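Inspection log for the structure reproduced underneath, given as structure tokens.
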2 protein chains.
Amino acid sequence: MNNRRTNGSKSAPALASPWRTSRERLRDRELKRDAVIRAAAREFNRKGYHNTSLDDIAAALEVTKPTVYYYVTSKEQLLFECFVAGVEQIRVAFREARQLPVPARGRLSAVLRHYGEAVASEFGWCMVRAEDQDLSPAMSRHIKSLKSEIDQGIRRLVREGLQDGSIEPCDPKMTAFALAGALNWIAHWYREDQSLTGAQIAAAFVTIFEGGLRPRRGSLRIESRARPRRRTRDALAR
Amino acid sequence: MNNRRTNGSKSAPALASPWRTSRERLRDRELKRDAVIRAAAREFNRKGYHNTSLDDIAAALEVTKPTVYYYVTSKEQLLFECFVAGVEQIRVAFREARQLPVPARGRLSAVLRHYGEAVASEFGWCMVRAEDQDLSPAMSRHIKSLKSEIDQGIRRLVREGLQDGSIEPCDPKMTAFALAGALNWIAHWYREDQSLTGAQIAAAFVTIFEGGLRPRRGSLRIESRARPRRRTRDALAR
DNA sequence: CGCCCATCATACTCGCCAGTATAGCATCCC
DNA sequence: GGGATGCTATACTGGCGAGTATGATGGGCG
């Protein structure tokens with residue numbers, strides 16, 4: 001009867017929503033469910049979990065709330081799914097790194113690079129910011145265990161690096177916290193400043209972590225003509 | 001009518017609330033106001049901003065909601081005050097560091113140490129997690145400018161370090177993000193794991209940042225598969 | 001003593017939002 | 001064509017929590 005194809009009236013939004021072109025293939029539940037999750041991730045990312053209503057998410061999909069509930073049982077589950085989607089990327093990173101035929105520091109750096117990319121991805125915010133406090137005890141436990149798994153994975157790589165000599169002596173726990181923290185924090189500012197890709201940021205971070213701030217004797221130093229900062233080089237230079 | 005003094009039934013909370021002994025000196029508005037802010041900070045820290053009602057805060061002080069509103073105009077302002085309290089600690093750090101007669105890297109490290117302590121303090125969570133999205137546009141702008149000020153301060157120190165040669169060549173912006181991120185993240189896990197003081201954590205982080213993961217030729221290396229011993233101690237020994 | 005002001009509690013309002021009841025419409029299969 | 005089933009909208013409920021109206025209490029001060 002009615003012409004289903006007349007949806008070209010509006011210019012298409014950046015992200016295609018399966019509903020726009022709907023009516024043709026109605027059997028792609030999974031596709032739509034994914035679209036719901038992604039839309040939720042984008043909204044959470046923009047306004048935060050608590051400031052995003054399910055009506056907002058539905059509106060972003062040009063749909064109404066019950067439709068969202070048709071694919072998902074609760075707002076909490078929505079957050080959880082986004083979290084898992086993000087974490088999965090990182091687990092892959094660990095699996096891949098395990099195969100690399102390089103010292104532990106190299107494997108760690110590879111993980112960190114993927115980690116950074118994941119945090120800068122669309123699920124980054126949800127993964128990083130999923131608060132135990134916002135979730136039911138059951139999900140809270142689940143999320144904590146997943147987070148802990150990643151933390152332990154990093155510590156493990158650091159320990160291996162200590163053993164094979166590819167990493168400078170340090171405390172694995174603190175090191176893991178420092179590394180993960182720096183990367184996690186990307187989720188906070190990347191939204192505002194997308195001048196670099198996630199991969200570029202991650203690469204820059206890895207360089208900083210590996211090299212450290214203190215100049216190395218071997219490194220090419222630009223002995224700047226800037227006025228030499230006289231006196232007591234060693235006071236805090238250690 | 002009701003005897004307000006019969007509150008000995010419960011064990012006293014860790015922090016004394018001025019209302020407990022009230023009735024004697026009633027002119028210490030500021031003291032009470034501070035107590036409200038601190039109580040808010042503790043509750044936000046425990047349960048998050050959105051999961052904390054003003055009734056909760058009032059209850060923590062053994063008071064009712066209107067009393068809280070007597071000292072503060074809104075929940076938003078409460079968060080803002082906590083934020084400012086935290087930031088102020090960091091601004092002091094910058095001022096103090098400016099006086100130090102050492103190369104820029106030393107001044108930077110000094111700032112970072114204070115920074116870390118501030119994040120681990122009771123206002124740390126509020127300072128770090130105050131979301132622009134949760135606040136009115138006016139306050140959001142205010143908070144952003146304060147945050148930016150700190151960010152610029154760190155970048156500045158990094159640039160100075162590049163010029164006086166005390167810092168390895170790097171991108172100041174990325175470096176500032178990495179450093180601040182690692183420290184900010186402390187607020188996320190410190191609540192759960194208080195096995196170290198803020199100062200210890202900050203010191204450990206600074207050591208990692210300065211040295212980097214890649215072993216230095218000069219440093220004492222445990223060659224190859226020899227079991228590394230005592231790795232934690234020297235990292236924390238500062 | 002009686003007024004004023006500071007301080008606080010009881011008891012509301014009011015809007016937002018997660019979640020739901022119900023029903024409409026389409027398609028598929030017989 | 002007549003269910004059955006998948007998908008979606010309209011229109012509701014119920015609760016929580018920010019903020020407030022009102023009024024009690026009690027001390028300071030003339």
Side-chain angles (χ1 to χ4, degrees), chain A residues 1-5 7 17-36 39-40 43-44 47-81 133-136 139, chain B residues 1-7 17-36 39-40 43-44 47-80 133-136 139:
Chain A
M1 287 305 188
N2 48 355
N3 181 352
R4 284 70 179 271
R5 283 292 172 65
N7 51 14
S17 123
W19 282 270
R20 280 319 251 315
T21 61
S22 71
R23 308 301 161 79
E24 4 259 284
R25 27 322 210 285
L26 298 180
R27 56 210 64 227
D28 34 20
R29 245 198 101 117
E30 284 309 306
L31 230 97
K32 292 188 182 177
R33 200 185 127 92
D34 272 10
V36 170
E43 294 303 304
F44 291 160
K47 304 186 298 186
Y49 179 69
H50 289 282
N51 299 316
T52 301
S53 75
L54 279 182
D55 283 306
D56 291 337
I57 298 173
L61 291 165
E62 295 175 1
V63 172
T64 57
K65 189 162 51 173
T67 302
V68 174
Y69 274 100
Y70 183 76
Y71 293 97
V72 142
T73 72
S74 70
K75 187 181 179 184
E76 182 182 358
Q77 192 201 1
L78 222 35
L79 178 58
F80 181 74
E81 300 271 5
Q133 319 144 346
D134 300 338
L135 299 164
S136 69
M139 291 224 165
Chain B
M1 280 305 193
N2 49 355
N3 182 351
R4 318 263 320 295
R5 281 291 174 65
T6 52
N7 51 17
S17 118
W19 283 270
R20 286 317 251 314
T21 61
S22 72
R23 304 303 158 78
E24 7 259 288
R25 33 315 213 291
L26 298 179
R27 57 208 61 232
D28 34 21
R29 247 199 100 115
E30 284 310 305
L31 228 98
K32 293 189 182 176
R33 202 185 126 92
D34 272 10
V36 171
E43 293 303 305
F44 291 160
K47 304 186 298 186
Y49 179 69
H50 289 282
N51 299 315
T52 301
S53 75
L54 279 182
D55 282 306
D56 291 337
I57 297 174
L61 290 166
E62 295 175 2
V63 174
T64 57
K65 190 163 51 174
T67 302
V68 174
Y69 274 100
Y70 183 75
Y71 293 98
V72 142
T73 72
S74 71
K75 188 181 179 183
E76 184 182 356
Q77 192 200 4
L78 220 36
L79 178 58
F80 181 73
Q133 319 145 344
D134 301 338
L135 299 165
S136 68
M139 291 223 166

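Bear in mind the structure is a predicted one, so any value in this text is a computation, not a measurement. Lettering follows sequence order; numbering is per chain, from 1.
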In whole Å, I'd like the distance from the [atom1] atom of [X] to the [atom2] atom of [N].
{"X": "A:Arg29", "N": "D:dT5", "atom1": "CZ", "atom2": "P", "answer": "15 Å"}
{"X": "B:Lys75", "N": "D:dG19", "atom1": "NZ", "atom2": "C1'", "answer": "12 Å"}
{"X": "B:Asp56", "N": "D:dA18", "atom1": "CG", "atom2": "P", "answer": "8 Å"}
{"X": "A:Asp55", "N": "D:dA11", "atom1": "CG", "atom2": "P", "answer": "14 Å"}
{"X": "A:Tyr49", "N": "C:dC17", "atom1": "OH", "atom2": "P", "answer": "13 Å"}
{"X": "A:Asn51", "N": "C:dA18", "atom1": "CG", "atom2": "C1'", "answer": "15 Å"}
{"X": "B:Arg33", "N": "C:dT7", "atom1": "CZ", "atom2": "P", "answer": "13 Å"}
{"X": "A:Leu54", "N": "C:dT20", "atom1": "CG", "atom2": "C1'", "answer": "13 Å"}

Separation of A:Leu78 CG from A:Thr73 OG1 (nearest 0.5 Å):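 Those atoms lie 9.0 Å apart.
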
Quick check for you: among [options], whose closest atom lies nearest to any side-chain atom of [X]?
{"X": "B:Tyr69", "options": "C:dG19, D:dA9, D:dT20", "value": "D:dT20"}
{"X": "A:Pro66", "options": "C:dA18, D:dA9, D:dG19", "value": "D:dA9"}
{"X": "A:Lys32", "options": "D:dA18, D:dT8, C:dC8", "value": "D:dT8"}

B:Asp56 side chain to B:Thr52 main-chain N or O, any donor-acceptor pair under 3.5 Å?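 Such a contact is absent between B:Asp56 side chain and B:Thr52 backbone.
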
Strictly distance-based, threshold 3.5 Å: is any side-chain N or O of B:Lys75 a donor or acceptor partner for the main-chain N or O of B:Tyr49?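 The answer is yes, because a donor-acceptor pair under 3.5 Å joins these two groups.
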
Under 4.0 Å from OP1 or OP2 of [N]: is there any side-chain N or O of [X] that close?
{"X": "B:Thr67", "N": "C:dC8", "value": "no"}
{"X": "A:Tyr70", "N": "D:dT8", "value": "no"}
{"X": "B:Lys65", "N": "D:dT20", "value": "no"}
{"X": "B:Ser53", "N": "D:dC16", "value": "no"}
{"X": "B:Tyr71", "N": "C:dC8", "value": "yes"}

Who pairs with A:Tyr69 by ring pair (Phe, Tyr, Trp, His ring centres under 6.0 Å), at least two apart in sequence or on another chain? none

At 4.0 Å (heavy atoms only), tell me whether B:Thr52 reaches a base, stays on the sugar-phosphate, or touches nothing.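 Sugar-phosphate, no base atom in range.
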
Test of understanding: with salt bridge (charged side-chain N to carboxylate O under 4.0 Å, His left out), list the residues that count as partners of A:Asp55, not counting sequence neighbours.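 Only A:Lys65 meet the salt bridge (charged side-chain N to carboxylate O under 4.0 Å, His left out) criterion with A:Asp55.
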
